[in-house]
Every structure is written in structure tokens, then in C-alpha cells.
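Letters A, B, ... mirror the listed sequences (proteins, then strands); counts begin at 1.
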Amino acid sequence: MPQEHKSITATRDERYDAQRIEQKWAERWQSDPSLYAAEPNSTKPKYYVLEMLPYPSGALHMGHVRNYSIGDALARYMWMNGYNVLHPMGWDSFGLPAENAAIKNNTPPKEWTLSNIAAMKVQMNRLGFAYDWSREVTTCLPEYYRWNQWFFLKLYEQGLAYRKKSKVNWCPKCCTVLANEQVVGGNCWRHEDTPVEQRELEQWFLRTTKYADELLRGLETLPGWPDKVRIMQQNWIGRSEGTLVDFDLGGTVGPAGSTITVFTTRVDTIYGATSVQLAPEHPIVSDMIARDAGLRTKVEELIAEQRRAKEAGDIGEIEKHGVFTGRYAKNPYNGEAVPVWVANYILMDYGTGAIMSVPAHDERDYEFAKKYKLEIRLVILPASSDPEETVAEPQLPFTTMDGILVNSGEFSGLSCEEAIEKMSALAEEKKFGKATVTFRLKDWGISRQRYWGTPIPMVYCEKDGVVPVAEKDLPVILPEKVTVTLAGGSPLQGVPEFLNTTCPKCGGPARRETDTMDTFVDSSWYFYRYADARNDKAPFDTKTIAYWFPIDQYIGGVEHAILHLIYSRFWTKFMRDMGLVNNDEPAQRLFTQGMVIKDGAKMSKNLGNVVSPDEMVARYGADAARLYSLFAAPPDRDLDWQDTGIEGIQRFLGRVYRFFVRNANPDHPEWRKPVPAELSSEARAIQRKLHQTIKRVSDDFQGRWHFNTCIAAIMELLNEVYGAEEAIASGRVPVSLIAEVQRGIVLLLAPMAPYLAHELWEMIGERGNLLKAPWPKYDAALAAEDEIEIPVQINGKLRSKVVVPAAATEDQVKQSALADEKVKAAIAGKQVVKNVYVPKKLLNIVVR
RNA sequence: GCCGGGAUGGCGGAAUUGGCAGACGCGCUGGUCUUAGGAGCCAGUGCCCAAAAGGCGUGCAGGUUCAAGUCCUGUUCCCGGCACCA
């Protein structure tokens with residue numbers, strides 16, 4: 001036996017040299033920039049596959065390799081299936097790290113960024129990703145960011161961009177404000193150990209809340225998005241239906257008026273309201289403390305407590321404190337005057353910053369009332385199926401909606417749901433309130449007190465106030481000679497030639513806005529620019545967008561589930577309303593790949609478990625690195641990187657290579673002949689496995705995207721032909737079949753290991769472009785088994801297996817089973833109660 | 001607290017619809033070729049038992065079913081998101 005396999009022993013010539021092969025093809029591919037270009041006027045169906053663009057930090061990490069390997073496999077697969085594929089790449093190249101590098105190394109941010117881009121582009125090309133670089137987008141260049149400014153002007157015209165003074169999140173490390181979405185558990189999203197401070201600043205906001213409802217409803221039109229992401233966005237938008245109710249204070253307190261409007265989702269419990277609770281920062285509280293020094297001290301304490309809790313990220317666990325203001329407010333439903341309190345658990349930025357407190361039917365109010373000995377009044381009793389039955393007093397607080405109103409005047413006896421409807425209607429009728437909808441989603445604060453970003457195209461004129469820059473004067477160029485520091489305000493304030501300008505309206509002296517835009521503005525629409533990347537008249541041409549959009553498949557990390565993906569959806573809706581695009585949503589399908597981890601933890605410099613893509617490519621080759629990142633786990637799950645795992649993949653690629661070296665014979669007269677219908681059983685087994693493999697790989701590409709099982713299937717096929725090597729060597733397998741198998745392997749491997757696939761394609765004498773070679777089709781008849789093995793269970797336990805022809809009937813299977821020695825022994829002396837036969841799957845004999 | 005996701009050999013993972021648990025790969029063991037093997041090739045490898053026969057096995061406890069990793073009830077732990085949201 002060992003002798004027979006002598007020929008499989010590797011010789012020097014058969015060695016798989018990834019570096020040699022990959023260098024050769026990388027050169028060829030780069031010499032033809034049109035290779036991966038999308039066709040402008042194509043009759044083919046379009047397919048837009050997009051991976052999230054990287055921040056040019058200087059080097060790709062394994063998460064990028066994984067993300068882009070998935071996208072590239074899909075793009076290549078779609079090319080092979082005859083689609084006109086758009087597969088672009090770009091650089092999310094504004095942002096703080098460039099400024100930090102500038103401070104540290106005294107390198108201008110632009111220089112640092114562009115050299116990083118150049119380096120990462122080399123990495124991407126070395127990995128063999130098939131991008132249409134003619135559409136490359138670099139967000140930090142004026143050709144791109146001028147359109148950010150243009151969009152800003154459009155938003156401003158429509159009242160969707162506005163300036164307001166408000167409490168904002170401030171990261172002391174970034175020295176800039178952050179959007180709500182960029183605050184993670186009270187900390188900065190980039191500095192996970194840095195608590196965000198609250199500062200009062202005048203800032204530019206985009207009115208994302210205008211689309212709150214549509215952003216929420218739109219999620220239902222996105223079945224191609226992961227449930228997880230949709231649920232996260234749903235929670236983030238936080239729609240809540242409720243009622244606004246005015247409580248009259250009886251006499252004006254100050255500029256904020258004499259009415260406290262509360263928001264409640266449970267107006268049905270209002271007869272149980274025994275106090276009104278105000279957020280410490282409520283304007284009416286400001287009025288009250290203006291005339292009451294004692295109250296002021298206490299309220300300031302509450303504000304401080306609230307601020308501390310917010311900054312520590314545990315506002316949810318704040319110990320409830322409050323203070324009675326000495327005032328009373330009238331409940332418009334029953335005319336009762338209830339005490340007005342200020343409490344540290346009431347948030348100014350949700351609802352109206354004021355609530356009615358119903359201790360009997362709300363956990364928080366209950367806790368507060370217990371502490372301050374406020375009245376607890378039961379107004380809802382649990383619903384009983386039997387109206388005659390006297391209901392026991394429920395355990396307090398009783399918060400479910402499953403109840404009946406009591407002690408609630410004319411509304412007593414109604415169910416909670418009925419009551420909410422009728423009571424809201426009454427409020428509206430009597431003009432002391434109305435049904436309303438509140439959202440958790442806030443407007444997007446986009447001002448950043450940083451240098452390396454898009455200048456906001458506004459000027460401040462002493463005479464005309466806030467004036468937008470004229471469209472024709474765009475772009476407002478970001479100056480390059482700037483001293484970047486991380487102290488006090490935007491570095492642009494220190495650049496007089498930028499700062500000082502003239503008013504677009506009156507021509508008089510004016511000052512430019514020195515804040516720059518959040519970099520999430522850049523990434524909110526970059527994928528539209530790809531479709532028409534060199535347009536200098538408009539951000540893009542609407543007709544071109546209509547052809548390419550929506551994106552067919554977007555692929556990226558789940559960490560963007562809220563931030564980038566909600567802003568992008570907002571931007572699409574605003575552009576649609578402008579008439580710039582026709583689609584309601586940017587991407588039809590979204591795929592979020594799992595993280596790459598090592599030794600059970602996220603890769604990080606601190607842990608020293610970082611795997612470098614460059615090192616992997618140098619040691620194992622790009623194909624191995626790509627294939628392993630597809631093989632080690634299904635793409636939606638986290639991937640545990642194992643160095644021995646990639647070695648296994650490299651071994652597999654070597655086995656493939658050697659099989660081809662030994663058996664490729666394109667000059668053989670039979671190489672291109674059809675495979676004969678009559679085959680030896682050995683040859684037939686290979687043919688069957690080939691067709692089964694084509695089916696399995698195709699199914700996975702179409703459906704679940706479990707590339708790990710695709711690759712496993714190809715490995716099985718290879719193992720099959722290795723097992724038949726002796727039959728091949730001695731001519732019992734027709735050359736035409738070997739040719740078919742080799743063509744099949746190359747085609748199946750082409751999307752995932754393009755370098756080796758191209759090399760082998762050439763080796764087997766193919767001259768056509770593999771990138772667009774048709775994806776192989778399987779023949780169901782050839783994939784079908786002639787004989788199948790049927791497991792035989794006795795009472796549900798596996799006892800034997802019988803081999804029967806694939807077409808065997810139930811009776812035939814039973815007969816062979818009953819003839820089987822093991823089965824006979826197992827049922828000897830017992831009575832067969834019944835047989836369960838699952839065609840082609842299993843036979844279970846139930847005995848007693 | 002609420003909302004997702006997960007738990008399968010020594011490891012990564014497979015089992016797409018309730019039908020042979022552990023495909024494929026890693027690791028390990030043995031063999032072979034070799035001056036050598038850290039290359040290649042072949043074989044074995046869930047656990048228990050000396051082996052066979054057999055038994056046990058998909059976080060845990062129950063249940064449904066001829067049949068459960070898969071369905072139902074309860075429960076533990078891990079990961080992610082949200083969190084006095086009124």
C-alpha cells in the first residue's frame with residue numbers, strides 16, 4: 001500500500017509557493033485598472049456589494065481582512081454569475097487620530113492620513129481584493145467634503161440644520177463634544193475609560209427627529225437586515241405613546257409660565273397621582289428657585305447628584321432624592337391640587353421633564369413616595385374574569401395594564417386601555433392636554449471642536465448674524481498650516497486667514513464657524529458617491545443612483561448598528577425628500593460579521609494578542625489568510641483566531657496545488673472531451689462528489705453564507721480524489737473527468753482563494769478571464785447516489801445499517817433490515833409493534 | 001431589571017425541515033518515505049470498559065414523541081445591547 005502512493009510524495013517542483021504565485025498575479029492584476037470596473041451601460045443585472053470603509057489608521061487589522069474577504073468572495077461570486085458588480089472602496093479619513101499623530105510626531109494630519117492610505121492600499125492589493133479603484137472616495141479631500149458642506153447648506157435651508165445652546169456630552173480626552181450615539185455607558189466611544197462630561201455649548205444639530213417615526217417604520221421594510229440590528233435601532237429610537245397633561249400652578253411663577261405639562265404613558269392612573277415631580281433642570285424650577293434661596297441650594301444639590309450619576313453612567317441606580325417646592329398644581333381631571341416636587345430621578349431630556357407621580361402604579365414613584373411618605377392611592381384593580389368576585393388588593397406597586405379603574409370618577413369601571421383612549425380624548429376636548437408620541441431619539445449634534453474634519457460652511461456677521469456660505473463659494477477649504485493642540489476650542493480659531501472672512505450677505509467683516517463636522521457625516525452618504533465618484537457638478541447624478549441603489553448587500557461590523565447605520569438611513573431619507581435619490585433606504589440587505597478574537601479576547605495591544613495581516617500574508621499567503629478567515633467560523637459569529645488553524649488551510653491549498661501539478665494535462669487529446677456516460681465505480685464516485693460539492697457550495701453562497709461549510713465541502717472533494725489517486729495514476733479515471741473536476745475546483749475556489757485559483761486556471765490551459773468565468777452548474781442526476789445506507793433503529797436506538805439501492809421501496813428496506821444479523825438478534829423473541837420508515841433516511845422498528 | 005444571541009469531543013466548528021450527533025479542520029497517536037523530518041502520504045482518534053459486546057453522551061432538571069442538539073416548561077452560566085425613558 002505505501003508503495004502505491006509513492007507518486008504522491010511531494011517533490012521540489014510540486015511545492016506550493018504562495019509568495020511566487022501571489023506576486024505574479026498581483027502584478028498582472030495591478031497592470032489592468034479596468035479589471036474590476038463596474039460597467040457604465042450594461043444590460044446585465046446590477047449588484048452593489050459594499051463593505052464598510054476603513055479609517056486609515058495605518059494598517060489593516062484582522063477584522064478588516066475578515067470583513068473584506070466576505071465582501072470580496074460575494075463580489076467575485078456575483079461576477080461569475082453574470083452580474084454587473086459595483087465593488088468600491090474608500091477611506092473614512094477625517095478624525096481625531098490624525099490630530100493625535102500630528103501632536104505626537106509633529107506630522108501634518110493630511111500627510112499622515114494620506115501616507116496611511118497609501119500603505120493600506122498596498123495591503124489591500126496584496127490581499128487581492130477586487131475593488132474598482134477608479135471610484136475611490138477619500139473623505140478628507142475637498143472633492144469629497146465640499147459635498148458635505150453642500151448638503152449642510154441644503155439641510156440649513158430646510159430647517160433641518162439648526163443651532164442651539166444646550167447641554168452636550170464633552171469628552172475631555174477628545175476635547176470635543178460627542179453625539180448621544182457616541183456615548184457608551186456614560187463614557188466616550190473612543191475612550192472607553194473616560195467619562196463624558198456635560199457642558200453647555202452652542203452647537204449645530206441635524207433634525208434627525210423629523211424622521212424618527214419613519215426611521216422606525218422603515219425597519220419593517222428591511223427583512224434583509226439582522227433582527228439584532230433592527231431591534232437595537234428600534235430601542236434607540238424609542239417610540240412611546242402617551243398623553244400630555246397640563247397641571248395648573250395657579251398664578252405665574254416666572255417666564256416659564258404657570259403650567260406644568262407632564263408626559264405619561266399611563267394617563268389611566270391619573271386619579272392616583274399624588275404629586276408632580278420635576279426634573280431639577282426644568283425651566284419652571286429655575287423660575288421657582290430665583291425667588292427662594294433655600295430651595296435653590298437643595299435643587300443645585302439634586303442637579304449635582306444627577307450630573308455625577310450621568311457621568312458615572314449609573315443614572316439608572318441613582319438614589320432617589322427630592323425636595324418639595326412649597327407649591328401645588330391642579331390635576332385637571334379631578335381638580336385636586338397636588339404637591340410639586342423636584343426629584344433627581346426625573347430627566348430633563350426625556351418627555352417634558354415633568355411627570356405625575358402615581359405611587360400605587362409605578363415602581364419608581366412607589367419607591368419615592370415610601371421614602372418621603374407621600375400618599376399612595378390605589379386606582380387600578382387587577383381585572384377579574386368574574387365581575388362578582390371581590391378582588392383582593394394587589395401587591396403594590398401594581399403596574400400591569402391588565403386592570404380595571406376604580407376611584408376614578410366617571411372613568412371608574414373602564415379597562416386601562418379604554419380609559420387611556422377616553423381620558424386622552426377628554427384632555428384634547430377640554431384643551432388641557434392631548435395624546436402624543438415621544439421618542440428617545442434626539443437630534444444629532446454634529447459640531448466638533450476639532451481641526452481634522454469638514455468645516456461647517458457658516459459665517460457670523462455682526463450685522464446679519466448667522467449666514468450660510470454661498471454655494472458657489474464652496475468648498476470652504478480646511479487650511480493646512482495649523483498648529484494642532486488638544487486645548488480649548490477648535491484649533492481653527494487660531495488661524496486668522498481662515499477665521500476672518502466677509503459676510504456673504506452684506507460684504508462686511510465676518511467670522512467663520514470654526515467647529516468642524518462629526519466624521520459620521522462623511523460616512524452617512526459616501527456609498528452614494530461611489531456610484532458617481534468623479535462628479536464635480538453635484539454630489540452624484542440622480543439617474544446613476546437610481547440604477548445602482550439600493551445597495552444589494554452591505555457588510556460590516558455590528559458596532560455600527562446604531563451610529564453609522566441610523567445616520568445613513570436619516571441621510572437617505574433627507575436626500576429622497578430633496579429629490580436626489582428615489583430609494584427610501586440605503587441598503588436592502590445588511591450583514592454584520594462577528595469579531596476576530598484570539599485566546600478568548602478581543603485583539604488588543606494591551607493583551608498582546610494582535611495578529612498582523614502582513615505577517616500572515618508573508619508567512620502563509622493572502623489566499624490562506626483569506627480562506628482561513630472564512631473557514632474558522634460562520635461569518636456572523638465571533639472568530640477565534642488560531643495560528644495552527646491557518647497552517648491547516650495552507651496545507652489544504654498545498655494539497656490542491658499538488659493535485660493539479662500531478663494531474664493537469666490540458667494537452668491530452670481527451671482533456672476537453674465530454675465525460676463518458678459509462679464510468680467505473682471509482683470514476684463515478686468522483687463525478688458524484690464533484691456535483692454534490694458544486695451544489696453544496698452554490699447553496700451556501702445563495703443562502704446562509706456559511707463559507708466555513710463551503711470550504712469543508714471542497715476539502716471533502718479533494719480528499720475523495722486523493723483517495724482515488726491510484727485509480728487516476730493507473731488510468732481508470734477518464735482524463736475528461738479529471739479535467740472537469742479540476743475546472744470545478746478552480747471555479748469553486750475562485751471567489752475565496754483568487755490567487756491560487758488563477759494560477760491553476762492557467763495551469764489547466766484556460767485562457768479566459770476566471771473573474772468572469774461562469775459559475776459551475778451541478779447535475780442533479782450525476783449528484784445522486786446509486787446506493788444509500790439506511791440506519792436501522794430498534795426502539796429508537798441505532799442497532800445496524802443496511803445498504804440498499806437508492807430507489808428501494810419501504811418493503812425492500814424492511815426486508816434487508818430483517819435479514820440483517822444484528823437486527824435479527826435485537827428483535828429475537830420480541831413482537832414488532834410498528835415500523836417507522838422515513839424514506840431514504842431511517843427505519844425504526846418498535847418492538848415489545 | 002428589560003431585549004437579543006449563545007453553551008455540542010482536548011480545540012475551532014458541522015448536523016439547512018424532529019430522523020445515523022461530532023462533517024471539515026486543528027491537535028494528538030501510530031505507520032510509511034527519508035541521511036533527517038518540523039515536509040509529504042496512509043490510518044486511528046467523543047467518553048467509559050483490556051478488547052468485543054455493551055453502556056453513556058449536545059450547560060442543568062423535567063416533558064412531548066417511535067425518534068429531541070433541534071419542539072415545550074423550568075433553570076444556570078457566558079457574550080452583546082438598552083436601562084429610573086415616565
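- Among residues at least two apart or in separate chains, there is no ring pair (Phe, Tyr, Trp, His ring centres under 6.0 Å) pair with a member in residues 825-848 of chain A.
- If you take atom C1' in B:A14 and the same atom in B:A53, they sit 30 Å apart, rounded to whole Å.
- Taking the ring centre of A:Y722 as origin, the terminal cationic atom of A:R655 falls inside the region bounded by 6.0 Å and 45° from the ring axis.
- The aromatic rings of A:H564 and A:H560 sit perpendicular to each other, their planes meeting at more than 60°, with 30° as the lower class boundary.
- Comparing the C1' positions of B:G13 and B:U58 gives an interatomic distance of 13 Å, to the nearest angstrom.
- Rounded to whole Å, atom P of B:C26 lies 16 Å from atom CG of A:L639.
- Proximity note for A:R651 (side chain, C-beta onward) versus B:A15, B:G27, B:C42: the nearest is B:G27.
- Environment of CD in A:E810: crowded, with over 12 heavy atoms of neighbouring residues, nucleotides or ligands closer than 6.0 Å.
- Checking B:C66, B:G40, B:C85 against the side-chain heavy atoms of A:K834 singles out B:C66 as nearest.
- Nearer the 5' end of RNA chain B, as judged by each residue's closest nucleotide, is the contact made by A:M232, out of A:M232 and A:T265.
- In this structure, A:Y350 and A:F263 have perpendicular ring planes: the angle between them is above 60°, well past the 30° mark.
- What separates CD of A:E789 from P of B:C20 is a distance of 12 Å, to the nearest Å.
- Of the candidates B:G13, B:C20, B:A86, B:C20 carries the atom nearest the A:Q793 side chain, counting heavy atoms from C-beta on.
- Of the P atoms belonging to B:A50 and B:A43, the separation is 29 Å, rounded to the nearest Å.
- A salt bridge does not link A:E785 to A:K840: none of the charged nitrogens lies less than 4.0 Å from a carboxylate oxygen.
- Atom-to-atom, CH2 of A:W641 to C1' of B:C11 comes out at 16 Å; the value is rounded to the nearest Å.
- For the segment residues 835-848 of chain A, the set of residues with a heavy atom within less than 4.0 Å of an atom of RNA chain B comprises A:V836, A:V838, A:K841, A:L842, A:N844, A:V846, in numerical order.
- Heavy atoms of A:I346 sit under 4.0 angstrom from at least one base atom.
- Searching all strands for a Watson-Crick or G-U wobble partner of B:U75 with both distances below 3.5 Å returns B:G59.
- Sequence order on RNA chain B of the closest nucleotides to A:N795 and A:E647 puts A:E647 first from the 5' end.
- Under the Watson-Crick or G-U wobble criterion, with both distances below 3.5 Å, B:U70 is left unpaired in every strand shown.
- Base pairing of B:G30 is made with B:C42, judged by Watson-Crick or G-U wobble geometry with both donor-acceptor distances under 3.5 Å.
- Taking atom CZ of A:R364 as the reference point, atom P of B:C85 lies 4 Å away to the nearest angstrom.
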